[in-house]
*Asks:* 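Could you have a look at this structure, given as structure tokens, before my questions?
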Amino acid sequence: MIYCDYNATAPLRPEALEAMLAALDIGANPSSVHSAGRAARKCVETARAQLAQKIGARGEDIVFTSGGTEANALALIGATRLIDNPVILSSDIEHPAVKAAIEQSGAKRRYLRIDSNGRLDISDLAAQLAEIEDETPLLSIMLANNETGVIQPVAEAAALLREKNGLVHCDAVQALGKINVNAGLLGVDYLSFSAHKFGGPQGAGALWFRVGAPLKPQQLGGGQERSLRSGTENISGIAGFGAALAAVSPDEAEHVAKVRDLFESLVSERLPVKIFGKTALRLPGTSNLALEGFRGETQVMAMDLAGIAVSSGSACSSGKVKRSDVLMAMGVSEDMAECAIRVSFGWASTLEDAERAAKALITAASRAVPGLLKENA
Ligand code: PLP
């Protein structure tokens with residue numbers, strides 16, 4: 001099986017597995033004062049320092065969570081509970097975890113426009129902020145989109161929010177470990193992360209928040225994580241989070257981009273593909289493309305039979321395929337959106353993977369849609 005679905009979950013890095021096994025072996029509670037407890041505490045604090053170092057922040061401002069979903073909910077609900085008269089601004093390209101947390105917060109909301117490249121329309125944000133008078137604006141904007149990989153103008157948007165004394169939450173789940181993420185340079189108040197997107201384990205995430213940013217704890221109990229997120233820490237998950245992040249090498253992104261670019265160029269040579277967000281800045285490993293007349297689910301099944309794991313461009317949950325909100329927000333037609341797939345590469349991908357994935361797609365498409373292959377190519 002050639003795995004090309006890193007944006008869903010990246011395979012576990014060996015460094016993460018090693019750290020996790022060591023943490024599991026300790027078998028003690030990080031709140032215990034005995035030496036085994038202190039060893040467990042060390043796992044958590046090492047990972048906190050590894051994340052802090054990567055994002056140019058202080059460890060004290062990081063809260064470990066059960067994943068990206070919980071980090072998003074903690075930030076959005078935890079902030080709105082303490083803000084006077086909040087209004088949340090966000091767009092249709094946000095992850096369902098963000099959309100659901102906004103809904104649950106009960107705050108008023110405003111919808112922001114997305115351009116045809118899949119980027120937030122900054123002029124729309126500026127115009128909507130100008131209309132806000134008595135409310136406190138809270139922007140929720142992802143750093144990189146999970147379906148298209150398109151990188152959002154977060155720092156630019158955050159500067160506009162600052163002028164209005166507003167707050168910014170950034171879902172950086174798809175960005176961490178793939179592109180540079182620096183809390184200070186982004187100028188945001190909250191950043192959400194998840195370990196399984198860059199080679200750590202599933203079920204481990206984190207929220208960074210700026211000193212002084214409002215944050216009401218949502219899970220109460222034993223007072224762990226400075227009472228911001230109670231519950232005995234998932235020490236193996238946290239250790240795997242830190243070790244996976246520390247294992248990201250500086251030249252990895254360049255290699256992954258080469259793999260993705262090779263895949264796209266091979267496919268484009270033979271097939272009339274539409275690549276979404278192609279001219280925008282994207283994550284190095286993500287490719288979202290459509291082939292008119294060849295439905296996304298059918299492409300995913302055909303690729304699976306050929307031993308290539310990719311995912312459909314449309315979100316598929318509990319067996320139901322739903323048209324992609326992300327592509328619809330970009331103005332893609334319904335027909336085209338239904339013919340999209342996401343191919344995502346990452347830390348263990350090779351140029352050979354790109355060649356084999358491209359070949360499988362070309363073969364599947366030429367069988368499914370006669371006449372689709374470009375001639376003389
Ligand atoms: N945010 C984005 C952009 C994601 O891609 C995901 C995962 O699919 C999440 C949040 C949720 O993260 P987790 O699976 O760790 O809850």
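When a ligand or atom number is given, it counts from 1 through the structure's own listing order.
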*Asks:* For Glu355, is there an ion pair with Lys359 - N to carboxylate O distance below 4.0 angstrom?
*Replies:* no

*Asks:* Applying side-chain hydrogen bond (donor to acceptor under 3.5 Å, both in side chains), name anything that partners Arg260, two or more places apart in sequence or on another chain.
*Replies:* none

*Asks:* Taking only residues two or more places apart in sequence or in another chain, which ones pass side-chain hydrogen bond (donor to acceptor under 3.5 Å, both in side chains) with Ser249?
*Replies:* Asp251

*Asks:* For the residue pair Lys178 / Gln174, report whether a side-chain donor-acceptor contact shorter than 3.5 Å exists.
*Replies:* yes

*Asks:* What residues come within 4.0 Å of ligand 1, counting heavy atoms only?
*Replies:* Gly67, Gly68, Thr69, Asn72, His95, Met142, Asn146, Asp171, Val173, Gln174, Ser194, His196, Lys197

*Asks:* Could you list the residues that satisfy side-chain hydrogen bond (donor to acceptor under 3.5 Å, both in side chains) with Arg210, not counting sequence neighbours?
*Replies:* Asp189

*Asks:* Answer yes if the side chains of Asp353 and Thr350 hold a donor-acceptor pair under 3.5 Å, and no otherwise.
*Replies:* yes

